[in-house]
Amino acid sequence: MKTVLAAGIYLTLALGLQARAETAQGLSTPVAAAERGLSGCSGPNGNIFNLEPRNNAVTQSAMSVAFLPNRVAPNIDLVVATAADGRGASTNPNQTLAAADAYYGQRSNSNCAPDFEGGLPAINNVFDLFLPFGSPTVVADPARDAFFIVDLRFGRTHDNNGVGVVRATAANLLNPASCPNGTELKSATCWNTGAVVNITTLNAFLSSPHMAVDPRTSGTGAGDLYLTVTEQNPNGSNTHISLTACTNATFNCSGAINLTGADVHADLSWVEVRPDGSITISYRNTTFPGINAEDIKFINCTPRGAPATPICSSPVLVMHETQPIFVASPGNVAISDVLYPKHAHRPESGNAVTTFLVYDRCEVPERVPGGASGNFCPKTDVVMTFSTDGGRSWSPISKASNGAGQQFFGAIALDASTRTINIAYYSTENDPYAQRLQVFLAPILRNQTWVSSTQLLTTGVADPQSVSPFVVGSPVTGFGDRIGVAAGGTGSGGHSHVYTTFSWNSVPGIYDGVTNPDINNHLTRFDY
Amino acid sequence: MRRYQIAAIAIVATVSVAGVSAQEAVKPGKVGQTAVADKKAARVPQAFQNFRIRPSAPLRFLASGEGRGYLEAVDHPLAQYLSTAFGGKVEQAIAPEPQLAEEPLTNESVQPELTATAPVTSCKANLGKRFNLEPRANAVPQNQGSADFIINGIAPNNDLILQVANDWRGNLTSGVRWDQSVSGYYAHRSSVGDCSVQFEGGFPSFLFQGNTEMGVGDAVVVADPARNAFFVADLRFGPIIGVALFRASAATLSNPASCPAGTHTEAQAESCWKVTAPALLFPQPQTDYAGDQPRLAVDERSAGKGAGDVYVVETEFDFNAQTNRIYLVACTNLLKCGKTLLISGPDVASGYPYVQVRTDGMITISYVEVNSNGSDSVRFVTCRPAGAPLSPVCGAANTVTTILRPVTFTGGNGQLVNMNFPLAATYPKHANRFEAAGKFTIFLVYEDCKDVYSQGHGNPDVCMNAEVRITHSTDNGASWSAPASLDTTDGHHFFPGISTDESRGTVNVVYYSTEGDAFRHNVRVVLNQIAAHSTAPGAAQLITTTFEPSDRDPGNLGAFLTDGFVGVIARGTGMPGASRLYISFDSTSSNGTYSGQPLSEQNNHLRLFTF
C-alpha cells in the first residue's frame, strides 16, 4: 500500500532545531580559517567546505553542488553543496547537527569558503514527522532564484519512508536573519518550505533519490520539479524507478508512477530536464545474484504540468554493459564503486539537443577472488556515450580519460552559457601505486562530442585509507560514493565556473591533541 | 511547550534510524557501501575470539569462514580437517577464478620487474629486490619474510641467502603453480652477487604417524655458519598440528641437482628439503590445540655443551582450557628433538615468543603475557643448555616491563589507525651482544601505542601513533633499563626487528615508519644502529626512501593475510664495510597483472645494507 502526499504540505521542523539551539549555542562558533586549512578554490586541495571544528572531527562525504552565478555580486556566486555529515549521524554519540543530510553555503566570498552550514530540517505532514535519511542532492533553479535539496526521509512514528524535498530562495539563503553565518541550528528558517512525496511502507524501501527542475520560465511544466527514487517491491527484492512531479514553490505533487516496470532490478536513477521541457531519466538494471551484465536505460517523458503526471516512453537501451563495476574497489583503492549512469543535455543550434551520459566501467571483467578477498576492478574507467536523437540511439562508448591507474566516480554537468559539458572524476594516474586520488575535469567543448583535454583540479592528493579515528559508521562512511559537479556562467570567456565537490582528507582533525587525517567535503572551482 | 516536546521526540527518533541505515548499506549493488573486505580483514575467527592472544594470519585464514570456504572450493587437501578443528560452517564457498588454475608451473628462473618506481637491479637499491619468482599474472601476496645468510657463502662478497615468507600461492592457487604450502622459501645462490632468486618453493608436506602434515605458513629461518646449514620452522596442519623443523645444508641448497632452478614442484621441494628428515615438534590433535608463532635459533658455536643445537619456541592455543602458553623444544643439529618444555610458567595468556642463543650457549626467550586489563607484560627467560635432545634448564620468567598501551589489545583496542595491518600487535624481540669477560648486553625492542584515542561509547580505542621502544639489560635479564622511544616525531613506528652483528658488536633495529607521510599511512623502512660497547641508539637512517602503501593488495588480500613482523639479520667478518644487514619486508612496488592490467601487489622484498 503506497501513499503519495500530493499537495503542498510543508510544515517544517523549526521546533526541533530551536530546541537544539537553546541547548547548544556554542556549536555555531565559527572556526578560524587557518585551523580549517582554507586555501581558496584553486588551492592544491580546493577548500574544505564545512565549518566543523577540528577537535574530534568526523567524516563529511561529499554529495552534490549547485550555484547561481554572480548571484551575490559580480564574480561572487551563491553556492550550495550537500554531504553526508557524521556530525548529524544518528550513530554519532556527540551529534552536533540536526541531521546527517547536510548543506553548506558560500555567499560572502569567491574563495570556496563556507559561510553557513546545517543539517536538513525534518518535514512534518499529516502522515508523520519525516526525518532526513540520506543521499541529499542539491539543484539550483536560476529562473526562480531558488535551490532545492532532495533526500530520503524516514517516518518517526510509522514504518514508512519517502522522498523529501526542501526549498530555499536565494534571497532567503542570502539573508543572515534566516540563515545565520556559522553552523545552523535553525535550518528550518533557511530551508523554509518542503514536502515529502512517494511515501511508502518500509517494505517498499526507497533509495538513491534524485531530482531535476525544469529551468524554463514558460511552457507546460516550466519550473516543475521531477523527483525519482529507487523503490523496492514490497513483495520481494525487485525494484523499480518511481517518478513524481511537483510544482515549484507550492509542492503540489503528482502521484508516483513506475517508470521501469519490466526491469526488475532498476536502480540508480538520474533525472534531467531538456531545454524543451522534456524529462529524461537514466538508470541501470542488473540481475542478481552475482556480477552480471547491466543494462543502462533511458526514458523520455513529456511534461503535462505538475501535479499532472508526465507521460513517459518505454525505456530505451543505452548500453548492454557486459563489464560493469559492481560493488568493487577500483584497483587497490580503498573505496567501493558501482555503475551509476548520469547524463546531461547540451542544446545545439535550432532545437537540437545532444545528450551525454557517463558511467564507471571495468575495462576488463571485474575480479571476484572469493574467500577472504573483496571484489576489485583491475582498471576502472569513466566512459561516456552520447545521443543526438533524443536517446533513441547512442554512440559507442569512449573513455573520458586515457590516464593510467583508476578513474572513477564520474560526474557530469552542463555549462549552458558556453554549451560546455564538464565531466569530473577521481583518478590515481599520478600515483605510482595507483592508490592516492586527484580530481580531474574533462570538458567537452561546444560542437564537439569528445573530451578535448583533461584538467587537473587538485595538485594535492588524498589517501582513502586514512580516515577519522572518530568512527560514526553508516551512512557516513569514507569517501562516499560520488563527487558532485555544477557549471555555469555568463557566456563570456573567463566567466564560466565549474564547481566540483569531493571527499578529501588533506585537512587533519585533532584527536586528544594528536592530528590525523579526516575526511571532509571539499570544493574547488575551475574558471574558463 | 508543545513545540518543544515534539522537537525532543524528533531527535530521539533520529537515533532509532540507525538500524535501518545499516540495512540500506548491505543491500546488493547499493551505492554507499563500505569496502567489505576491510571489515573482514579485521575480524578474528570465532574459534579464537576468547583468547587474549590473536592468531597469526595463516591460522586465522584456516579458521575463518571465508578461508575455509575458499579451500573447500579449490578442493584443498586441508579443507577436510578444518571443520573438526575449528567447528562451525564455512561462510561461503566461492570457486577460484579460472585464471588461478590455468597458469602452468614455471621452472624458469624469471624475475620480470614491472616496478612502480625505478627498476630494481640490486638488493642494495632503494626498495631492495622482490625476492620471489612468482609470475606476474594473477600474483598473490607474499609477506612476513625473514632471511638469513652465510656470509661469502658463494664467493667473496656473494652470500648464500635463504628467505622464507608466507606465500599465499599455497592457499589461493589450485596446486598447479605451487605445491599448496603457504610456507615459502626463496634462495640466492648465483655466482653474481645481485640478490637474484634462483629457486623458490613451498616447504613440502611430510608424514607424521601416518598423517600428512602440510605447511601453512609462519615460516622462520636461521643459518648455522659453523655447520654450513639452514634451519626453518613453520606451522603444520593436518589431523595432527605442530611445528615443522627442516634442515638443509648449504651444499644441498647450492646444488641444482637437489634444488633445481625455478619454482619447485612438490617433488623438487622434497628433494631440496628432505635430505635430512624433517621433524614435527609440539604435535597435538587439531581438535584440541593449535600451535602458532614459531621462532627458532641455533647455537652457532662449534664446541661446548649445546653447540649446534636448535631451539624452537611456539605459542600454544588450548581450545579446552582457553589458554595460551609458550613451549620450547631442543633439537640436535641433525634434528633429533627432545621433549616439549613449558616456558611460560603460570602465565596463561602468553604469545609472541622469541628465542636467541648467546655466544656462550645460553638460550634467551622473550614473550608477552597479555593481562586481563589489556596491558602487556613482557617476560624474559634464560635457559642453560643441556645438550639436545635434552631440554635446557630454564629459570623463571622475569618481567622486563609492563606496557600499559600495547598495540592491539583486548577487545580490538589499540589497532593502528590508517593502517591496514589488522593483526599488528606488540611483539617484543631481543638480541644479545657479547661485551667482554663473559658479560652480555641484551637489547629488547617492542612497539607500543604512544597516543591512544578513546572515542568511548563502545567504540574501541585506536592507536594514533605507535612507537618503537628499546630497553637493555646487562645482568642477564634480571633488570632492565627504562624503555626509551626511538621516535623523534609523530607517525606510526612498528614491526621492529633486531639483530646483532657479533663480528663488530653493532646492534641493528629496523622497523616501519609512516613518519613524514601526511596521511600517516605509507611506510618507509628505518634503521637505528647501536655501536659496539654503547647502549645509545644512533640516529634513524632511511633504508627505503620511497613511501609505500605496503598494506594494500588487489582484493585487499594482503590485509586479510596480514603481516606480523619485519625480518632482520646482521652478520659480518669484523671488517668495517664488510658487515651485512639483510632486511625482509613487504613491498608493493612490483605490479602484478590482473586480466592484463597492472596493479601493485604485495611481495617479500630483501634489502641489503652494508656497514
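Naming convention: chains lettered A, B, ... in sequence-line order (proteins, then strands); numbering from 1 in each chain. Keep in mind that what you see is a predicted model, and the values were worked out from it rather than measured.
Scanning both residues, B:D517 and A:R436, for their nearest heavy atoms gives OD2-NH2, 2.9 Å. Nearest heavy-atom pair across A:Q406 and B:L599 is NE2-CD2, 3.6 Å. Of all heavy-atom pairs spanning A:R367 and B:N138, the tightest one is NH2-OD1, 2.7 Å.
Residues forming a salt bridge (charged side-chain N to carboxylate O under 4.0 Å, His left out) with B:E548 (at least two apart in sequence, or on another chain): none. When the salt bridge (charged side-chain N to carboxylate O under 4.0 Å, His left out) test is applied to A:D431, no partner is found at least two apart in sequence or on another chain.
Ring orientation note: the planes of B:Y594 and A:F376 are nearly perpendicular, at an angle over 60° on the 30°/60° scale.
The part of A:N94 that comes within reach of chain B is its side chain, from C-beta onward, which places non-hydrogen atoms under 4.5 angstrom from that chain. Contact annotation for A:V333: only backbone heavy atoms (N, CA, C, O) come within less than 4.5 Å of a heavy atom of chain B. Only the side chain of B:N465 comes within contact range of chain A, judged by heavy atoms closer than 4.5 Å. Contacts of A:T515 with chain B are made by both backbone and side-chain atoms, with heavy-atom separations under 4.5 Å.
Considering only heavy atoms from C-beta on, A:F470 stays 4.5 Å or farther from B:N459 through its side chain. Within the 4.5 Å cutoff, side-chain heavy atoms of A:N505 are placed close to those of B:F519. In this structure, A:P517 and B:H521 have side chains that are not in contact, with every pair of non-hydrogen atoms separated by 4.5 Å or more. You'll find the side chain of B:N420 reaches within 4.5 Å of the side chain of A:Q465, heavy atoms only.
Heavy atoms of other residues, nucleotides or ligands lying less than 6.0 angstrom from CG of A:D159 number 12 at most.
Between the OG1 atom in A:T380 and the CD atom in B:Q597 there is a gap of 9.5 Å [rounded to 0.5 Å]. Annotation: the span from A:D463 atom CG to B:R520 atom CZ amounts to 13.0 Å, rounded to 0.5 Å. Between atom CG of residue A:N516 and atom CG of residue B:N418 there is a gap of 4.5 Å, rounded to the nearest 0.5 Å.
With hydrogens and angles ignored, the 3.5 Å screen pairs no side-chain donor or acceptor of A:N375 with any backbone N or O of B:G555.
Interface summary for chain B: among A:N332, A:N161, A:V364, the most heavy-atom pairs under 4.5 angstrom belong to A:N332.
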